[in-house]
Structure formats: C-alpha cells, structure tokens
Protein chains: 2
Amino acid sequence: MSHTREDVIAAAGRMFAAKGYHGTSMRDLGRELGLLGSSLYSHVGGKQELLVEVVARGAKLFQAAADRALATEGTAADRLRALIAGHVDVVLDHRDEVRTFLNEARSLDAEARAAVVEARDRYEEAFRTVLREGIEDGSFRPEVDPVVDGIFVLSILNAIERWYDVSGPVDRSELVARLHRFVLGGLAGGG
Amino acid sequence: MSHTREDVIAAAGRMFAAKGYHGTSMRDLGRELGLLGSSLYSHVGGKQELLVEVVARGAKLFQAAADRALATEGTAADRLRALIAGHVDVVLDHRDEVRTFLNEARSLDAEARAAVVEARDRYEEAFRTVLREGIEDGSFRPEVDPVVDGIFVLSILNAIERWYDVSGPVDRSELVARLHRFVLGGLAGGG
DNA sequence: GGGAGACAAACGAACGTTCGTTTGTTATCA
DNA sequence: TGATAACAAACGAACGTTCGTTTGTCTCCC
C-alpha cells in the first residue's frame with residue numbers, strides 16, 4: 001500500500017489546520033501516514049512546498065465559489081446571499097484547507113504570501129462589487145461603505161471555521177439563514 | 001541603564017504580536033531590548049511564562065471594558081453600543097496584548113489555555129446577556145439567537161485588529177459608528 | 001513463462017542549525 | 001561588600017533536510 005503526493009498534501013492540510021505550520025514537524029506528518037519524516041521527500045520537495053500546495057487549494061476553492069455566486073441572476077441582495085451560502089459550503093466541506101489558508105498564510109515565504117494576499121483581495125472584491133450594486137439600486141443604506149462593511153461581512157464569514165461544530169445544534173441551512181438575516185439586516189436596516 | 005521584568009513582557013507582547021510565539025526566539029527578544037537571549041532569564045522564568053503574562057494582560061483588559069460597559073444606564077441597545085465602543089478602545093489602545101491574546105493562545109500549555117477559554121467565555125457572556133435583554137424588550141428581532149448572533153458580533157470585533165490601520169482613512173469614531181449601525185441593524189432590521 | 005533491469009517508495013542514520021535553557025563569571029551600583 | 005544584571009559559553013533536544021541503501025513492483029526480452 002503506497003502513498004501518493006496528494007495523500008501527503010491532504011495529511012499536511014489536516015495537520016497544519018490542527019497544530020499550525022510551526023507546530024507540525026515532518027516527522028509528525030510522516031507518522032500521520034505511517035511513514036518516517038524522511039520518506040515524505042519521495043513525494044514532495046519540502047515542508048514549505050506542502051504549505052504552498054494546501055493554501056493554493058484553499059484559495060482556488062474560495063475563488064471558484066465567488067465566481068459561481070456572482071453569476072447568480074437577480075438583485076444584488078440575491079448575489080450577496082449566494083456569496084454567503086457559497087462561502088459556508090467551502091468552509092464546511094473543506095475545513096482543513098480553509099483553516100490553513102486563513103491562519104497559516106503568515107508562515108509562507110514572501111513570494112507565496114504575496115500571492116495569497118492577492119487572491120484574498122480578489123475574493124473580497126466580489127463582496128465589494130455586490131455591495132456597490134446594492135447601494136446603487138437602493139437595497140442597502142446609502143451610507144454603507146463597500147470597503148468597511150465588506151470587511152464586516154467577511155469577518156463574520158472567516159470566523160465560522162473557528163467556532164462552528166458540524167455535529168452541534170445549528171445545521172448548515174440554519175447557519176446560512178441566520179447569516180443572511182444578520183448581514184442583510186446590517187446593510188439595509190435603519191440601524 | 002537596566003531593564004525591568006515589565007520591559008521584557010512589553011517587548012514580548014510586541015514580538016509575539018508581530019511574529020507569533022513560535023516565530024519569536026528568546027534571542028530575537030533579547031536583541032529587541034539590546035540584550036542576549038540568556039540575559040532575559042534574569043527577569044523571567046522562561047518563554048512560556050512570557051506568553052502567559054502577555055495573554056493575561058489582554059484578558060484583563062477585555063474583562064474590565066465589559067464590566068464598565070455593562071454598568072451603562074439605558075436600554076439593552078445602549079449597553080451593546082457601549083460594549084462595542086469599549087472593545088474598540090481596548091483593541092486600538094493595547095494592540096499587542098490583544099493580538100497575542102486572540103492569535104497566540106493556542107501556543108499556551110493546557111492549563112493556561114483553559115484559563116483563556118474561560119476568560120473568553122465570560123467576556124462573550126456579556127454580549128449574550130445584552131442580546132437576551134434586547135430580545136425581551138423588543139429592541140431586537142425575536143428570532144435573534146443570543147449564542148449565534150453573539151458570535152457574529154464578536155467575529156466582527158475580534159477581526160478589527162487584523163485590518164484596521166490607525167493612520168488610515170477611517171478614524172476611531174467613524175469605525176465605532178459604522179460598527180453600531182451594522183450590528184444594531186443586523187439585530188433589529190427586517191433582514 | 002521467467003529472469004534482468006529500471007524505477008519509485010520507504011527506510012535509517014546522519015548533517016548542520018536553531019531552539020529554550022542552564023551554568024559560571026564579570027561588572028555595576030547601592 | 002553584596003546583591004543584581006548582564007554576559008559568554010555550553011547543553012541537550014528538536015528541527016528540516018540529505019544521503020546511501022533496501023524493498024517491492026512493473027516491464028521487457030529471451
């Protein structure tokens with residue numbers, strides 16, 4: 001029973017998400033797969049490369065979800081609802097990559113970290129765009145700031161990974177419904 | 001010119017906030033103070049003790065702010081506004097301790113980490129209490145869930161440290177005003 | 001069909017480095 | 001003079017990584 005490069009990357013995602021990049025040694029990672037740390041170098045160039053691979057997968061998942069949501073027909077509010085639902089799906093279905101993407105990017109070397117910053121900005125731009133549309137068509141308050149209020153929305157979404165318990169009392173659809181009410185209320189309400 | 005224990009803890013707060021606990025060595029920390037790493041042991045028991053001290057200061061600051069805000073006269077909405085403004089003050093005035101408290105607690109050993117979890121829960125309970133009061137007196141929607149929506153509010157607040165730029169275009173009072181509108185809209189609005 | 005050669009996967013030991021920490025000594029100042 | 005602060009050197013452990021070697025599997029040719 002042999003291991004593939006993808007096995008190693010998946011295990012790295014699990015370990016980095018649970019213990020952090022610096023908290024995970026190559027020997028830990030090997031043990032997770034029933035191997036020695038040194039054996040991982042048959043599949044992978046090094047530890048940093050593993051982090052790059054996991055983070056890249058996280059970035060790609062978010063971007064794909066945003067592209068899908070932006071193609072939604074209907075009002076700006078509809079597209080924002082789609083962005084939120086898509087974000088929740090990514091977080092809950094790919095938790096390890098998401099955690100690593102959100103929390104371990106600072107352990108990347110300069111070049112790879114710059115790519116993450118750019119990917120994150122492109123993703124956030126999707127939210128800013130929808131907010132601008134919603135302000136224009138009157139769905140949202142005119143004093144809404146696409147940048148600042150966009151950050152508020154993303155702050156809530158990016159935190160889900162830290163507290164949400166899949167086997168807890170709140171199921172996925174209730175989570176999305178509560179997010180929709182809170183966020184759209186925050187943007188439209190009389191505050 | 002001699003250094004005090006408090007100097008070392010303050011420098012540790014700065015370094016842990018900037019580079020993380022694992023990303024900061026005792027030699028780095030000594031250099032920050034013009035000392036050797038080994039010289040720090042004249043003032044402090046060890047690296048882990050430094051983290052405990054910094055995190056404890058962060059926890060204390062948040063709790064004191066919550067106690068003050070809860071003593072505010074007026075409606076539940078007034079007290080929530082006070083909680084938010086108090087949180088912003090703590091974050092902006094004690095950024096290093098806050099960053100360390102929020103991001104580096106996972107590097108604490110089990111005992112100290114348990115204390116952090118408890119402190120955080122006590123702080124969040126202040127928000128849940130105000131939310132319950134606001135639901136009861138009709139300020140907030142009856143479907144508001146004190147736990148889940150409380151997490152939403154705290155997600156926004158805890159993220160401020162990550163993006164807010166003191167010398168940027170948004171000053172403190174505008175930040176607080178935008179937080180108030182967004183959060184109270186999210187809890188009261190028609191969604 | 002069966003041995004020879006090629007290949008990838010994994011091992012186990014060792015490398016150089018960095019880490020947190022300890023120890024013993026020196027200098028400073030009340 | 002005696003405590004305090006800082007230094008300098010060293011410790012053992014852990015780290016990421018490299019190396020030479022072994023093991024198992026697949027392919028090709030006789």
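Here is how names work: the chains are called A, B, and so on, in the same order as the sequence lines, proteins then strands, and each is numbered from 1.
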Rounded to whole Å, CG of B:D28 lies from C1' of C:dT21 at a distance of 16 Å
query: Is NZ or CZ of A:R122 both nearer than 6.0 Å to the six-membered ring centre of A:F62 and within 45° of the ring axis?
result: no
Here the ring-ring contact (aromatic ring centres under 6.0 Å, His included) pairs for residues 138-176 of chain B, sequence neighbours left out, are A:F182-B:F152
Does a nitrogen or oxygen in the side chain of A:H43 sit under 4.0 Å from OP1 or OP2 of C:dA8?
no
From CZ of B:R31 across to P of D:dC7 the rounded distance in Å is 12 Å
Rounded to whole Å, CZ of A:R27 lies from C1' of C:dA14 at a distance of 10 Å
**Q.** Phosphate OP1/OP2 of D:dT17 contacted by A:S38 side-chain N/O (<4.0 Å)
**A.** no
Open item on the list: Under 4.0 Å, heavy atoms only, any strand: does B:T4 hit a base, just the sugar-phosphate, or nothing?
Closed with: nothing
So A:G46, base contact, sugar-phosphate only, or nothing? Heavy-atom distance under 4.0 Å. sugar-phosphate
B:M26 CE to D:dA9 P, in whole Å, measures 20 Å
Which of C:dC11, C:dG20, D:dC7 is nearest the side chain of A:L36? It is C:dC11
A:R5 CZ to C:dA10 P, in whole Å, measures 14 Å
From NE2 of B:H3 across to C1' of D:dA5 the rounded distance in Å is 10 Å
Q) When you look at CD of A:E118, are more than 12 heavy atoms from neighbouring residues, nucleotides or ligands closer to it than 6.0 Å? A) no
To the nearest angstrom, the OH-P distance between B:Y21 and C:dC19 comes to 13 Å
Expected output: side-chain A:R141 to main-chain A:G186 donor-acceptor under 3.5 Å: yes
Taking every heavy atom of B:T100 against every heavy atom of B:G13, the minimum-distance pair comes out as OG1-O, 3.7 Å
- Remember a base hit wins even if backbone is also touched, and classify B:S42 as base, sugar-phosphate or nothing at under 4.0 Å, heavy atoms. base
Between NE2 of B:H22 and P of D:dA14 the distance, given in whole Å, is 14 Å
Checklist entry - Which part of the nucleic acid, if any, lies within contact of A:G34, taking any heavy atom under 4.0 Å across all strands shown: a base, the sugar-phosphate backbone alone, or nothing? => result sugar-phosphate
Comparing nearest nucleotides in DNA chain C, the 5'-proximal residue of the pair A:L35, B:Y41 is A:L35
